[in-house]
Q: 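One structure, as structure tokens, below. Some questions next.
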Amino acid sequence: MAQIQPRYDLHRKQQLSHQVAKVTLGGSLVVLSGLTLAATVIALALATPLLVIFSPVLVPAAIAAFLILAGFVTSGGFGAVASFVFYWMYRYAAGKHPVGADQIDRARDKIAHAAHDAKEKAEQYPR
């Protein structure tokens, strides 16, 4: 006759296996992080003299590379904005009512009204 294991015994075995897995995984991750830290410290200790020796060349080269990259990014951004502005102006001139066209129309009407009022005031003054 087969003996049936109590439910709590099976649960305890599962908990034990989960704990063993957690400890094993955690320990291996701690060891890997320690090895990574040691490798980083050793690589920095070996690279520091080279960085000190070549810094008179590397620093200006890095600055120049940054400025060149910043120039390319800036010119690309300006080009994208300019192309969008030309596209917006084309749609406005074609009467397709792009976003913000009503604000432009209101500003134009306000300026025209102010110019008309200024002209009328100027005509009232004697010459």
Side-chain angles (χ1 to χ4, degrees):
M1 184 185 232
Q3 188 176 12
I4 300 175
Q5 289 185 345
R7 184 174 173 91
Y8 63 90
D9 226 11
L10 184 62
H11 186 64
R12 187 179 306 153
K13 286 183 181 180
Q14 285 179 348
Q15 280 185 341
L16 183 62
S17 66
H18 285 316
Q19 286 177 350
V20 169
K22 287 179 188 177
V23 169
T24 304
L25 183 63
S28 63
L29 289 177
V30 168
V31 168
L32 283 175
S33 65
L35 289 174
T36 304
L37 178 65
T40 303
V41 169
I42 291 170
L44 188 60
L46 292 176
T48 299
L50 292 174
L51 290 174
V52 169
I53 291 170
F54 292 114
S55 65
V57 175
L58 293 177
V59 170
I63 291 171
F66 172 75
L67 290 176
I68 289 170
L69 183 67
F72 279 133
V73 169
T74 303
S75 66
F78 286 152
V81 169
S83 65
F84 177 75
V85 168
F86 284 132
Y87 174 71
W88 188 92
M89 287 176 14
Y90 168 75
R91 288 181 52 94
Y92 183 76
K96 295 185 179 177
H97 197 72
V99 175
D102 53 344
Q103 293 173 343
I104 298 290
D105 292 338
R106 264 185 283 162
R108 184 185 63 216
D109 292 343
K110 198 181 243 188
I111 291 171
H113 184 66
H116 186 272
D117 288 347
K119 180 181 175 187
E120 285 182 357
K121 278 191 177 184
E123 288 175 351
Q124 291 175 358
Y125 291 114
R127 292 185 186 185

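Count residues from 1 along the sequence.
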Q: Before giving the answer on side-chain contact (heavy atoms from CB on, under 4.5 Å), spell out for Ser28 and Leu25 the whole-Å C-alpha distance, their side-chain angles and the decisive distance to 0.1 Å.
A: CA-CA 5 Å; Ser28 63; Leu25 183 63; 4.2 Å; yes
Q: Linking Ile, Leu, Val, Met, Phe, Trp and Tyr through side-chain heavy atoms less than 4.5 Å apart, which residues share a cluster with Val31?
A: Leu35
Q: Between Trp88 (side chain only) and Val99 (backbone N and O only), is there a donor and an acceptor less than 3.5 Å apart?
A: yes
Q: Could you give the side-chain donor-acceptor pairs of residues 60-68 under 3.5 Å, partners two or more places apart or in another chain?
A:
none

Q: Do Arg106 and Asp109 touch side chain to side chain, with heavy atoms closer than 4.5 Å?
A: no
Q: Got a list of side-chain donor-acceptor pairs under 3.5 Å for residues 42-55, not counting sequence neighbours?
A:
| residue | atom | partner | partner atom | Å |
| --- | --- | --- | --- | --- |
| Thr48 | OG1 | Leu44 | O | 2.5 |
| Ser55 | OG | Val52 | O | 3.1 |

Q: Just to verify, what does His18 make a side chain to side chain donor-acceptor pair (under 3.5 Å) with, not counting sequence neighbours?
A: none
Q: I need the full list of side-chain hydrogen bond (donor to acceptor under 3.5 Å, both in side chains) pairs touching residues 113-122, with sequence neighbours left out, sorted by first then second residue.
A: His113-Asp117, His116-Glu120
Q: Mind checking what makes side chain to side chain contact (heavy atoms under 4.5 Å, CB included) contact with Val85, not counting sequence neighbours?
A: Val81, Met89
Q: How many angstroms lie between CG in Asp105 and CD in Gln103, if you round to the nearest 0.5 Å?
A: 10.0 Å
